[in-house]
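First the structure, in the form of structure tokens, and then the observations on it.
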Amino acid sequence: MPELPEVNTFQQYFNKTSLKQKIHAVQVHDGKIIRNVDEDTFVEKITNRKFVSSYRRGKYLFGKMDDGNHVLFHFGMTGDFKYYEDEMDQPKHERFVFIFKNGYRLGFDCPRKFARILYLEDLEKYIEEVGLGEDALVISEEDFLKKMEGKKASIKGFLLNQKIIAGVGNLYADEICYQTKIHPASKINALKPRHKKAIYKTMKDILTTAVNRTAYYKDYPDNWFFQWRVEGKKAPKGKGTVKISKVAGRTTYYFEHYQKLYD
DNA sequence: TGTGATGTTGAATG
DNA sequence: GCATTCAACATCAC
């Protein structure tokens with residue numbers, strides 16, 4: 001489930017469990033998700049190092065090691081960390097694991113192998129190459145509005161584009177559209193300034209709330225859209241029923257008439 | 001059994 | 001060249 005709030009929770013978990021401990025060994029069970037170096041290099045570069053800090057930008061989490069190099073964790077759709085001691089607790093789809101000197105392990109679990117792990121010697125260069133946008137919780141309103149200038153794409157496509165702003169994924173994009181009463185297929189160039197400002201503010205509010213609640217869906221406010229992600233489900237107060245369609249190539253849920261289409 | 005799923009990429013399209 | 005869309009990636013659950 002890793003969008004910005006989830007990755008933020010992973011980061012806290014990583015910081016709490018895995019910083020400042022010497023990495024005694026690295027075991028790779030399936031090297032396919034390590035994208036830029038081979039397994040042996042990965043193991044060699046990380047063994048005997050320790051993580052000293054972490055940096056999150058959007059859905060990307062960078063672990064900084066004591067030699068200044070980084071490991072990038074991108075969780076794809078199903079990536080997850082698990083810190084454990086007993087080998088019996090190894091997650092089912094663990095792809096690699098860091099074994100610390102104290103005997104504990106940080107496993108990287110990922111059923112679908114959409115995650116990508118990179119060993120990086122130049123963090124800035126990598127971010128530049130990928131063209132990764134500013135973090136959705138960091139970007140200023142001014143910059144956000146500037147990014148919208150001249151864009152004709154759907155608002156949902158805009159929010160999902162990690163090169164523009166980093167961190168919003170499919171579920172939170174739908175949530176933002178719902179809370180601003182804007183149809184996700186609305187064109188950016190058809191939106192009024194007040195709509196654009198509302199989208200910015202709502203995005204920040206939603207992400208901040210989600211982060212504060214550790215991305216735990218069950219703790220989200222009752223009036224959020226998450227619970228309505230069921231096609232045909234009836235909503236109270238004349239919002240109609242939930243519609244499902246494809247916008248920007250992704251499955252999209254919304255209230256057809258309640259959320260106005262600007263085209 | 002077939003279909004689609006919280007993400008990203010590079011190729012294809014307009 | 002630019003902005004945008006789409007199929008592909010690998011596996012599991014319904």
Side-chain angles (χ1 to χ4, degrees), chain A residues 1-11 28-36 56-62 72-81 91-96 108-118 120 126-133 135-136 146-178 184-190 203 206-207 210-211 213-220 224-232 242 244-254 263:
Chain A
M1 320 159 206
E3 300 185 32
L4 187 152
E6 288 79 7
V7 177
N8 195 75
T9 301
F10 292 155
Q11 179 183 25
V28 178
H29 314 309
D30 183 343
K32 268 194 183 151
I33 61 172
I34 302 166
R35 306 295 174 126
N36 68 336
R56 184 192 58 72
R57 177 145 158 176
K59 307 169 191 172
Y60 292 66
L61 179 62
F62 302 89
L72 161 61
F73 304 96
H74 190 292
F75 297 86
M77 300 255 246
T78 57
D80 198 3
F81 282 140
K92 190 172 173 195
H93 303 284
E94 184 177 274
R95 304 302 174 185
F96 64 89
F108 189 89
D109 189 49
C110 188
R112 292 168 72 186
K113 301 175 199 166
F114 283 15
R116 46 199 68 220
I117 307 301
L118 280 77
L120 299 174
Y126 174 75
I127 289 176
E128 182 81 15
E129 276 170 11
V130 177
L132 190 59
D135 186 80
K146 206 174 278 173
K147 299 273 187 197
M148 284 183 155
E149 285 174 12
K151 292 280 196 305
K152 296 173 193 158
S154 64
I155 181 59
K156 178 153 179 177
F158 175 87
L159 291 168
L160 288 176
N161 188 338
Q162 304 299 303
K163 291 178 164 57
I164 301 172
I165 27 166
V168 177
N170 200 24
L171 272 61
Y172 291 92
D174 281 0
E175 187 69 45
I176 293 165
C177 291
Y178 165 75
S186 294
K187 299 283 193 292
I188 292 175
N189 55 341
M203 175 183 82
I206 289 170
L207 293 176
V211 161
R213 301 186 188 193
T214 65
Y216 188 59
Y217 292 7
K218 289 184 177 152
D219 285 347
Y220 288 176
W224 276 25
F225 187 65
F226 276 77
Q227 57 174 314
W228 301 108
R229 292 181 68 85
V230 180
E231 186 174 22
V242 177
I244 182 170
S245 71
K246 288 258 185 213
V247 178
R250 306 297 301 281
T251 304
T252 299
Y253 294 77
Y254 61 99
D263 203 347

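In what follows, chains carry the letters A, B, and so on, assigned in the order in which the sequence lines appear, proteins first and then strands, with residues in each chain numbered from 1.
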List in chain and number order the residues that pass side chain to side chain contact (heavy atoms under 4.5 Å, CB included) with [X], two or more places apart in sequence or in another chain; answer none if no residue qualifies.
| X | value |
| --- | --- |
| A/F114 | A/M77, A/R112 |
| A/E94 | A/H29, A/Y84, A/Q90, A/P91, A/V97 |
| A/R116 | A/R35, A/H74, A/L118 |
| A/A153 | none |

Exercise. Do A/F10 and A/F75 have ring centres separated by under 6.0 Å?
Worked result: yes

For this session: Scan residues 149-166 of chain A for pairs that pass salt bridge (charged side-chain N to carboxylate O under 4.0 Å, His left out), counting only residues two or more places apart or in two chains.
Result: A/K156-A/D174

Problem set entry | A/R250: partners by side chain to side chain donor-acceptor pair (under 3.5 Å), with sequence neighbours left out | none

Seminar exercise, completed: Taken in chain and number order and not counting sequence neighbours, the residues that satisfy side chain to side chain donor-acceptor pair (under 3.5 Å) with A/Y178 are A/K239

Problem set entry | Annotated protein contacts, base or backbone, on nucleotides 7-14 of chain B with a non-hydrogen cut-off under 4.0 Å, one of B, S, - each | BBS-----

Exercise. Who pairs with A/Y126 by ring pair (Phe, Tyr, Trp, His ring centres under 6.0 Å), at least two apart in sequence or on another chain?
Worked result: none

For this session: Using the test ring pair (Phe, Tyr, Trp, His ring centres under 6.0 Å), find all partners of A/F73 that sit at least two apart in sequence or belong to another chain.
Result: A/F14, A/F81

Exercise. Taking 5' to 3' order, which nucleotide of DNA chain C is first and which is last to have an atom within less than 4.0 Å of a heavy atom in chain A?
Worked result: C/dT4 to C/dC12

Exercise. So what's the dot-bracket for DNA chain C: Watson-Crick or G-U pairs under 3.5 Å, [ ] if a pair crosses, | if it pairs off-strand?
Worked result: .||||||||.||||

Problem set entry | Separation of the C1' atoms in C/dA8 and B/dT3, to the nearest angstrom | 16 Å

For this session: Determine the Euclidean distance between corresponding P atoms of C/dC6 and B/dG4; express it in Å to zero decimal places.
Result: 15 Å

Exercise. What is the nucleic acid contact for A/S154, judged by heavy atoms within less than 4.0 Å: base, sugar-phosphate only, or nothing?
Worked result: nothing

